[in-house]
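Atom set for the values below is all heavy atoms of this structure, side chains included, hydrogens, waters and symmetry mates excluded. Bear in mind the structure is a predicted one, so any value in this text is a computation, not a measurement.
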Amino acid sequence: MTNSKLIFPFCTIFVTSFVSGCGITAPQMSDISSENRTDSPNNLEVKIKSKIFCELQKAVSDINNPSIRTPYEEYYNGTMKYIKPLPDKWGVQLTIQLAAEENTSINPGATFIDPLSPAKSFGSAVSRSYSTAVGASISADATNTHKYTFYYLVSDLEGDQPECKKYMAPDFTGGSLLIDGDLGIYGWLNNAMNVRSSIGTSRSVQQEAVSYDIKFDVVTSGGFTPTWKLLRVTTGNGSLNLINAKRERTHELILTFGPSQTDKNGKAQPSTIASNEDLAQKIGAAVANALKSGSP
């Protein structure tokens, strides 16, 4: 019969090794090996970008679809004019930020015990000993960050996208919550257009931009602590596990809508306010991640 007391430590080591790459190599973005290959059609990052683009494209098309959302009405020179909620001359900056962090720490320790001769107290013998505790800690941490930024005009996103059918199918899944979940792009964009058309629009708006930031943070960890209590030695380093391993994956999407402008080559680019808003979102995300990494 197999000894269950021996199986448990080996199982713990296996789980710990699975959730972490020891922090000495570049962490993979996916936990599934087949999705780590950059030349694979199932590559995680390709699937994430495809799913986000298709949900974004559908949201933009639905916002400007008169059968789904009523267009704005405006009198111009005595004539009723219908205006799309999301102007064709607007554009959207789409930024995908993927980060994987792996950490492993080893904390060996032992307490050396020197038994002393018993002493008497109130007529009874009391055992005595002298002990010295020693310990050490070694840790390794590795972070891998990938960032992708794309710019699309609203006019280019409208219309049917047959290639998006598989990425919007209910059974399309992957190794990220950016793939498996509803990102809520349409709900946010619909509300943003309501805010945009609310009080204050009767006066000329000089500049405007709207942004959306959604982040998923998934942490897996494990630990392993064998303990021996012998006559003169006890192992262990206080409350620390002998081996700790952690893997953290952060997947973030930032969308910034705003007017577009053309550069000297006639290429579309974000307006100043849209660029500044997008930069502010990215700086805020970077600061938040830095503060989180520095927290105990």
Requested in this report: Quick one: do Asp88 and Ser155 satisfy side-chain hydrogen bond (donor to acceptor under 3.5 Å, both in side chains)? Show the steps, please.
Outcome: CA-CA 5 Å; Asp88 286 338; Ser155 56; 5.5 Å; no
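- Side-chain contact between Val60 and Phe257 is present, with heavy atoms from C-beta onward closer than 4.5 Å.
- Shortest non-hydrogen contact noted between Ala274 and Gln93 is O-NE2, 3.2 Å.
- When all heavy atoms are compared, the tightest approach of Ser176 to His251 is OG-ND1, 2.6 Å.
- The stretch residues 106-135 participates, sequence neighbours left out, in these salt bridge (Lys or Arg N to Asp or Glu O under 4.0 Å) pairs: Asp114-Arg232.
- Hydrophobic clustering (ILVMFWY, side-chain heavy atoms < 4.5 Å, transitive): Val287 and Leu279 are in one cluster.
- Proximity of a side-chain donor or acceptor of Gln57 to a complementary backbone N or O of Gly159 within less than 3.5 Å is detected.
- Proximity of Phe216 to Leu183: side-chain heavy atoms (C-beta onward) are separated by under 4.5 Å at one or more points.
- Of all the heavy atoms in Ile113 and Ser129, the pair that sits closest is CG2-CB, 3.8 Å.
- Within the 4.5 Å cutoff, no side-chain heavy atoms of Gln97 are placed close to those of Thr250.
- Taking 4.5 Å as the limit, some side-chain heavy atom of Leu44 sits within range of a side-chain heavy atom of Ile179.
- Considering OG1 of Thr225 and CG of Leu242, their distance stands at 6.5 Å, rounded to 0.5 Å.
- Pairs engaging residues 268-277 under the side chain to side chain donor-acceptor pair (under 3.5 Å) rule: Ser211-Glu277, Glu277-Gln281 [sequence neighbours left out].
- Between Leu253 and Ile185 there is a side-chain heavy-atom pair separated by less than 4.5 Å.
- Taking hydrophobic clusters as Ile, Leu, Val, Met, Phe, Trp and Tyr residues chained together by side-chain heavy-atom distances below 4.5 Å, Leu240 does not share a cluster with Ile106.
- Contacts classified as disulfide (SG to SG under 2.5 Å) and involving residues 85-195 (residues at least two apart or in different chains) are given here: Cys54-Cys164.
- Note that the CZ atom of Arg247 and the CG atom of Asn103 stand 13.0 Å from one another [nearest 0.5 Å].
- Note on residues 146-162: pairs passing salt bridge (Lys or Arg N to Asp or Glu O under 4.0 Å), not counting sequence neighbours, are Lys84-Glu158.
- Between Asn64 and Pro85, the shortest heavy-atom distance links the atoms OD1-CD, 3.3 Å.
- For Tyr152 and Phe53, the ring centers sit closer than 6.0 Å to each other.
- The salt bridge (Lys or Arg N to Asp or Glu O under 4.0 Å) pairs that include a residue from residues 254-272 number zero, where partners must be two or more places apart or lie in different chains.
- If you chain together ILVMFWY residues whose side-chain heavy atoms come under 4.5 Å of each other, Val233 ends up grouped with Phe112, Val134.
- For the atom pair CE of Met193 and CD1 of Ile63, the computed distance is 7.0 Å after rounding to the nearest 0.5 Å.
- Inter-residue side-chain proximity for Trp188 and Val210 is flagged as met; some heavy-atom pair is nearer than 4.5 Å.
- When all heavy atoms of Val154 and Pro87 are compared, the pair lying nearest together is CB-O, 3.5 Å.
- By the rule that hydrophobic residues join a cluster once side-chain heavy atoms approach within less than 4.5 Å of another member, Val92 and Leu153 end up as members of separate clusters.
- A distance of 7.5 Å separates CG of Leu86 from CZ of Arg196, quoted to the nearest 0.5 Å.
- Within the 4.5 Å cutoff, no side-chain heavy atoms of Lys49 are placed close to those of Tyr148.
- For Gln261 against Pro270, the heavy-atom pair with the smallest separation is NE2-O, 3.3 Å.
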Requested in this report: Go through the steps to decide whether Asp180 and Thr173 satisfy the test side-chain hydrogen bond (donor to acceptor under 3.5 Å, both in side chains), and finish with yes or no.
Outcome: CA-CA 5 Å; Asp180 294 331; Thr173 59; 4.7 Å; no
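- For the pair Lys51 and Glu55, the minimum side-chain heavy-atom distance is below 4.5 Å.
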